[in-house]
Number of protein chains: 2
Amino acid sequence: MKRNTWQREAVREALESSEGFVSAQALHSRMRDTESPIGLATVYRALASLASAGEADSLQQDGESLYRACTTSHHHHLICRNCGLTIEIEADAVEAWARTVAAEHGFTQPSHVVDVFGLCGACSRAQA
Amino acid sequence: MKRNTWQREAVREALESSEGFVSAQALHSRMRDTESPIGLATVYRALASLASAGEADSLQQDGESLYRACTTSHHHHLICRNCGLTIEIEADAVEAWARTVAAEHGFTQPSHVVDVFGLCGACSRAQA
DNA sequence: CCGCTTTTGACAATGATTATCAATAGCGTT
DNA sequence: AACGCTATTGATAATCATTGTCAAAAGCGG
């Protein structure tokens with residue numbers, strides 16, 4: 001049976017109070033600073049559990065997995081390469097396109113990864 | 001100055017003769033089996049170089065980077081989760097959508113990651 | 001409160017990738 | 001063709017995120 005622990009809840013709350021995507025390591029160290037001590041392995045397990053339950057998004061950048069609390073059911077992201085600012089975007093057209101493309105080629109159980117990266121307004125100006 | 005070495009060329013050829021995406025490790029071991037010996041670090045460097053020069057696609061699955069020779073200028077992929085079969089897909093509509101979304105939010109230098117995963121026809125039948 | 005089982009957490013282990021650095025090999029020059 | 005300079009290679013060590021291990025701690029039903 002699945003049990004409720006304060007650790008799992010703490011990870012969920014920490015994730016929800018985060019801006020943009022965070023790595024498991026970053027979330028862990030932030031939790032160690034503020035809240036009660038929690039093990040690193042536990043953070044990893046809680047994040048994986050949240051992600052597979054559909055309560056968190058995950059994406060892979062460089063060699064690490066980043067997580068974010070899911071607000072709406074399904075959406076994509078516009079992410080600043082420099083500062084990490086993340087904007088959620090809806091794209092029904094893209095959803096439909098992905099399903100169509102998969103079906104056209106005989107693929108079943110389609111899922112997709114759609115993320116747009118760029119430099120946000122502030123970082124664009126800073127770079128100039 | 002950039003120099004031409006047989007190693008870099010060998011990696012390019014090995015990548016072009018591969019079906020679907022391959023990891024650096026897999027490409028290295030295949031090269032060790034058939035062609036002349038080459039260092040693992042060199043394969044990593046060559047792949048990174050090809051990817052940043054736009055001559056190879058890369059995507060991250062689980063914790064590793066997978067590479068594939070670029071045939072056309074820009075495209076996306078439909079990938080079988082089970083057997084790795086990869087189909088290249090063109091999606092001008094998605095390209096345009098990504099640029100539009102980025103611009104709407106003040107983002108510059110947009111790039112995007114768009115991949116569709118699923119089970120190919122053969123694997124769908126095998127699973128049933 | 002008991003007992004059973006899941007979960008935790010400190011630490012070790014893994015596995016992909018990158019850094020190190022001496023030896024090698026392009027390539028322009030002589 | 002040999003020379004010199006420097007980019008590149010490659011064996012190995014180092015790094016770093018993530019996962020496995022397993023004894024101790026903590027849910028939860030009875």
Side-chain angles (χ1 to χ4, degrees), chain A residues 1-15 18 20-53 55-69 79 81 84 113 115, chain B residues 1-15 18 20-53 55-69 79 81 84 113 115:
Chain A
M1 178 203 302
K2 185 143 190 170
R3 295 176 182 175
N4 291 329
T5 62
W6 65 262
Q7 286 95 335
R8 208 192 305 276
E9 192 55 33
V11 169
R12 189 203 313 279
E13 287 177 11
L15 193 62
S18 300
F21 282 85
V22 283
S23 67
Q25 310 257 1
L27 196 65
H28 174 248
S29 72
R30 187 181 326 154
M31 291 179 75
R32 294 303 285 254
D33 290 345
T34 60
E35 327 188 31
S36 31
I38 185 174
L40 176 59
T42 303
V43 175
Y44 274 102
R45 281 186 290 240
L47 287 174
S49 158
L50 287 172
S52 77
E55 299 187 62
D57 291 328
S58 73
L59 66 84
Q60 309 203 312
Q61 201 176 34
D62 301 315
E64 66 183 0
S65 294
L66 304 181
Y67 296 88
R68 184 158 201 250
I79 304 159
R81 262 192 294 267
V113 174
D115 290 300
Chain B
M1 178 203 301
K2 185 145 189 172
R3 294 175 183 175
N4 291 330
T5 62
W6 65 263
Q7 286 96 334
R8 206 192 306 275
E9 191 56 32
V11 170
R12 189 201 313 276
E13 287 177 10
L15 193 63
S18 300
F21 283 85
V22 283
S23 68
Q25 310 256 1
L27 196 64
H28 174 247
S29 71
R30 188 183 322 156
M31 292 179 75
R32 293 305 286 254
D33 289 344
T34 59
E35 327 188 31
S36 30
I38 184 174
L40 176 59
T42 303
V43 174
Y44 273 100
R45 281 186 290 240
L47 286 174
S49 159
L50 286 172
S52 77
E55 300 187 63
D57 292 328
S58 74
L59 66 82
Q60 310 204 312
Q61 201 175 34
D62 300 315
E64 65 183 1
S65 294
L66 303 181
Y67 296 89
R68 183 158 202 253
I79 304 160
R81 261 193 294 266
V113 174
D115 290 301

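So that the names make sense, note that chain A is the first sequence line, chain B the second, and so on, each numbered from 1. Since the structure is predicted, the reported quantities are computational estimates derived from the model, not experimental observations.
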How long is the line joining [atom1] of [X] and [atom2] of [N], in whole Å?
| X | N | atom1 | atom2 | value |
| --- | --- | --- | --- | --- |
| A/Leu50 | C/dT7 | CG | P | 13 Å |
| B/Glu9 | C/dG26 | CD | P | 13 Å |
| A/Tyr44 | C/dG15 | OH | C1' | 14 Å |
| A/Leu47 | C/dG9 | CG | P | 14 Å |
| B/Asp62 | C/dT14 | CG | P | 19 Å |
| A/Asn4 | C/dT7 | CG | P | 10 Å |
| B/His28 | C/dG15 | NE2 | P | 17 Å |

* **Heavy-atom protein contacts under 4.0 Å, nucleotides 2-16 of chain D, coded B base, S sugar-phosphate only, - none** => ----BBSBBB-----
* Structure fact -> One should read off an interatomic distance between B/Ser65 OG and A/Asp62 CG, to the nearest 0.5 angstrom, of 8.5 Å
* To do: Look up atom CG in B/Asp33 and atom NE2 in B/His28, then write down how far apart they are to the nearest 0.5 Å.
  =>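 That separation rounds to 10.0 Å.
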* Determine, stepwise, if the pair B/Leu15 / B/Arg68 fulfils side-chain contact (heavy atoms from CB on, under 4.5 Å). => CA-CA 6 Å; B/Leu15 193 63; B/Arg68 183 158 202 253; 5.5 Å; no
* For the residue pair A/Thr42 and A/Gln7, confirm or rule out a side-chain donor-acceptor distance under 3.5 Å. => no
* Would you name the heavy atoms of B/Gln60 and A/Gln61 that are closest together and state the gap between them? => OE1-C, 3.6 Å
* Judged by atom type as modelled, is there a donor-acceptor pair below 3.5 Å linking the side chain of B/Arg8 to the main-chain atoms of B/Val43? ->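 Looks like no, no N/O pair under 3.5 Å.
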* Select base, sugar-phosphate, or nothing to describe what A/Ser65 touches, counting heavy atoms under 4.0 Å on all strands. => sugar-phosphate
